Protein chains: 2
Amino acid sequence: MHGRCQRGPSWWQGKFRGCGYRFTVPRMAILDVLNITSGHLSAEDIYMNVHKDYPNVGLTTVYRTLELLVQMELVVRSDFGDGRARYELNQGPKGERHHHHHLVCTNCGRVIDYTDFIKDEIELLQRTEKGLSKKYNFKIDSHIIQFYGLCEKCRRKGK
Amino acid sequence: MHGRCQRGPSWWQGKFRGCGYRFTVPRMAILDVLNITSGHLSAEDIYMNVHKDYPNVGLTTVYRTLELLVQMELVVRSDFGDGRARYELNQGPKGERHHHHHLVCTNCGRVIDYTDFIKDEIELLQRTEKGLSKKYNFKIDSHIIQFYGLCEKCRRKGK
DNA sequence: TTGTTATTGAAAATCATTTTCATTAATATT
DNA sequence: AATATTAATGAAAATGATTTTCAATAACAA
Ligand SMILES: [Mn+2]
Ligand SMILES: [Mn+2]
Ligand SMILES: [Zn+2]
Ligand SMILES: [Zn+2]
């Protein structure tokens with residue numbers, strides 16, 4: 001009863017080593033926090049969580065590791081307009097990719113992931129991408145879609 | 001031959017006064033720069049342009065004015081991931097609103113406005129918004145869509 | 001076990017934006 | 001036109017997230 005976990009330490013280690021990077025304690029700890037915690041964490045959030053178990057891991061290392069993880073496409077970095085970057089793992093516990101978009105509450109800052117309508121979206125996006133690359137000769141690699149408004153809680157409180 | 005210009009100094013003045021704000025020289029100068037210049041300007045860009053004609057207008061005032069203009073919805077503020085906010089007038093010289101989205105070159109930073117496919121987009125967005133507000137009870141006010149990739153020039157140089 | 005060097009942590013630097021506060025100027029009032 | 005009121009301004013300092021520097025450390029190939 002140990003050999004399960006499709007995306008765990010050993011998988012990450014392989015990924016790191018495969019890219020020629022060392023698999024260090026701080027990197028492991030940071031991935032662990034991202035894996036366990038749900039939501040959209042700031043560097044500071046991650047630092048504080050890592051700090052509980054590894055008090056000598058520095059904030060600088062958190063920033064550096066996140067940069068690396070984003071570059072390796074293990075982590076997605078988002079900006080929701082509050083002045084700090086947010087990070088989340090690019091795959092679920094079983095390794096499924098979770099391409100999704102965001103609803104951002106302009107009152108309380110809450111961020112909701114959604115994957116609904118992705119089907120329709122993909123269809124439109126493909127048409128759009130095709131048209132845009134033709135018209136502007138622009139090669140599209142990725143996109144972001146964010147909806148801004150009021151979350152349930154903030155609506156009730158009548159903002 | 002002066003009485004033309006649907007969105008000029010006098011219109012802005014009215015807008016300001018109507019909101020209880022004073023129409024000052026720096027505010028006028030900043031709007032002027034935004035009106036004349038096309039593209040997505042940073043606060044610094046605007047400051048430098050204003051500075052040519054009004055060397056005693058400070059950067060602080062540029063920031064404060066932009067904040068006000070965004071709040072008044074005369075100006076749109078965007079973030080293209082280069083660490084500084086970008087601003088553009090929310091309406092063309094004739095007052096038409098220009099709801100549009102952006103293509104952002106991840107190599108050179110160029111930003112292209114596009115309004116193509118907006119029809120299709122609006123349709124999808126409306127369906128999505130309806131679905132999302134029902135499912136998450138989220139009241140959507142606005143959205144952003146950005147495509148990232150390589151612009152024509154950068155494609156040629158083979159990045 | 002040892003050598004090589006990628007990685008780390010602390011402190012300092014950067015840089016966009018915000019705050020502070022005394023001065024100035026837009027506009028309502030006389 | 002002159003004056004009073006106070007919103008707006010500019011310079012300097014503060015802020016806060018992120019990056020850089022550099023000497024010490026620890027992965028890991030040999
Ligand atoms: Mn998310
Ligand atoms: Mn634009
Ligand atoms: Zn909310
Ligand atoms: Zn480019």
Side-chain angles (χ1 to χ4, degrees), chain A residues 9-10 12-33 40-72 75 77-87 109, chain B residues 9-10 12-33 40-48 50-72 74-75 77-87 109:
Chain A
S10 59
W12 291 326
Q13 176 157 34
K15 190 93 182 170
F16 269 81
R17 305 303 312 287
C19 295
Y21 301 126
R22 297 180 182 175
F23 193 62
T24 65
V25 169
R27 286 173 179 177
M28 155 82 151
I30 288 164
L31 275 166
D32 228 46
V33 165
H40 306 84
L41 304 175
S42 67
E44 186 82 31
D45 291 337
I46 295 166
Y47 169 70
M48 289 190 305
N49 275 285
V50 167
H51 196 264
K52 290 176 199 156
D53 293 314
Y54 303 90
N56 35 11
V57 170
L59 179 57
T60 309
T61 297
V62 172
Y63 274 107
R64 278 189 292 228
T65 301
L66 288 170
E67 188 184 7
L68 188 63
L69 290 170
V70 168
Q71 181 235 293
M72 293 168 76
V75 161
R77 177 191 162 130
S78 303
D79 177 4
F80 302 125
D82 69 339
R84 59 185 60 192
R86 301 279 168 176
Y87 302 86
Chain B
S10 60
W12 293 325
Q13 175 156 38
K15 189 93 184 172
F16 269 82
R17 306 301 313 288
C19 295
Y21 301 125
R22 295 180 182 176
F23 192 63
T24 66
V25 169
R27 286 173 178 177
M28 155 81 150
I30 289 163
L31 275 165
D32 229 42
V33 166
H40 305 84
L41 303 174
S42 67
E44 187 82 32
D45 291 336
I46 295 165
Y47 169 70
M48 289 188 306
V50 167
H51 195 263
K52 289 176 199 157
D53 293 315
Y54 303 90
N56 36 9
V57 170
L59 180 56
T60 310
T61 297
V62 173
Y63 274 107
R64 277 189 293 231
T65 302
L66 287 170
E67 187 184 7
L68 188 64
L69 291 170
V70 168
Q71 181 235 292
M72 292 168 78
L74 289 176
V75 161
R77 178 192 160 127
S78 303
D79 176 5
F80 301 125
D82 69 340
R84 58 186 60 193
R86 302 277 167 176
Y87 302 86

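Each chain gets a letter, A, B and so on, in the order its sequence line appears, and its residues count up from 1. Only a predicted model underlies this, so the values are computations on that prediction, with no experimental measurement involved.
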Calculate the interatomic distance between Tyr47(B) atom OH and dA16(C) atom C1'; express it in whole Å.
15 Å

If you look at every strand shown and take non-hydrogen atoms under 4.0 Å, does Arg27(B) touch a base, only sugar-phosphate, or nothing?
sugar-phosphate

When rounded to whole Å, the CZ to C1' distance for the pair Arg86(A) and dA17(D) reads 12 Å

How sharply is the helix from dT1(C)-dA30(D) to dT30(C)-dA1(D) bent, taking the axes over five pairs at either end and rounding to 10 degrees?
30°

Quickly work out the Ile30(A) CD1 to dT7(C) C1' distance and round it to whole Å.
12 Å

Assert: residue with more 5' nearest nucleotide on DNA chain D, out of Thr60(A) and Glu44(A), is Glu44(A)

Could you check how far CZ of Phe80(B) sits from C1' of dA16(C), rounded to whole Å?
17 Å

Please, which pairs that meet salt bridge (charged side-chain N to carboxylate O under 4.0 Å, His left out) have at least one residue in residues 42-61 of chain A, sequence neighbours excluded?
Asp45(A)-Arg86(A)

Out of dT7(C), dT19(D), dA16(C), minimum distance to the side chain of Arg84(B) belongs to dA16(C)

Can you check whether Tyr63(A) has a side-chain N or O nearer than 4.0 Å to OP1 or OP2 of dT18(D)?
yes

Please enumerate all protein N or O atoms sitting under 3.5 Å from an N or O of nucleotides 25-30 of chain D, with distances to 0.1 Å.
unit_1	atom_1	unit_2	atom_2	d
dA27(D)	N3	Arg22(A)	NH1	3.2
dC28(D)	OP1	Arg17(A)	NE	3.4
dC28(D)	OP1	Phe23(A)	N	3.0
dA29(D)	OP1	Arg17(A)	NH2	2.0

Can you give me the closest heavy-atom contact between Leu59(B) and Ala43(B), atom names plus distance?
CD1-O, 4.1 Å

Distance, rounded to the nearest Å, where Arg64(B) contributes CZ and dA16(C) contributes C1'
16 Å

Any idea which heavy atoms bring Ser42(B) and Tyr87(B) closest together, and the distance?
C-CD1, 4.5 Å

Using every non-hydrogen atom in the two residues, find where Tyr21(B) and Leu68(B) come nearest and quote the distance to one decimal.
CZ-CD1, 3.6 Å

Asp82(A) atom CG is separated from dT17(C) atom P, nearest whole Å, by 14 Å

By nearest nucleotide on DNA chain C, pick out whichever of Glu67(B) and Gly20(A) is the more 5' one.
Gly20(A)

When you measure from the side chain of Arg27(A) to the backbone of Arg22(A), do you find a donor-acceptor pair of N or O atoms at a distance under 3.5 Å?
yes

Nearest 0.5 Å please: distance from the CG atom of Asn49(A) over to the CG atom of Leu41(A).
7.0 Å

How close do Phe16(A) and Leu31(A) get, heavy atom to heavy atom, and via which atoms?
CE1-CD1, 3.7 Å

Give a yes or no answer on whether the side chain of Arg77(B) reaches the backbone of Ala85(B) with a donor-acceptor pair at less than 3.5 Å.
no

Arg77(A) CZ to dT19(D) C1', in whole Å, measures 12 Å

Thr61(B) and Ile30(B): which non-hydrogen atoms are nearest, and at how many Å?
O-CD1, 4.1 Å

Given dT8(C), dT19(D), dT17(C), identify the nucleotide with an atom nearest to the side chain of Ala43(B).
dT17(C)

Here the distance between atom P of dT23(C) and atom CG of Asn56(B), to the nearest Å, is 18 Å

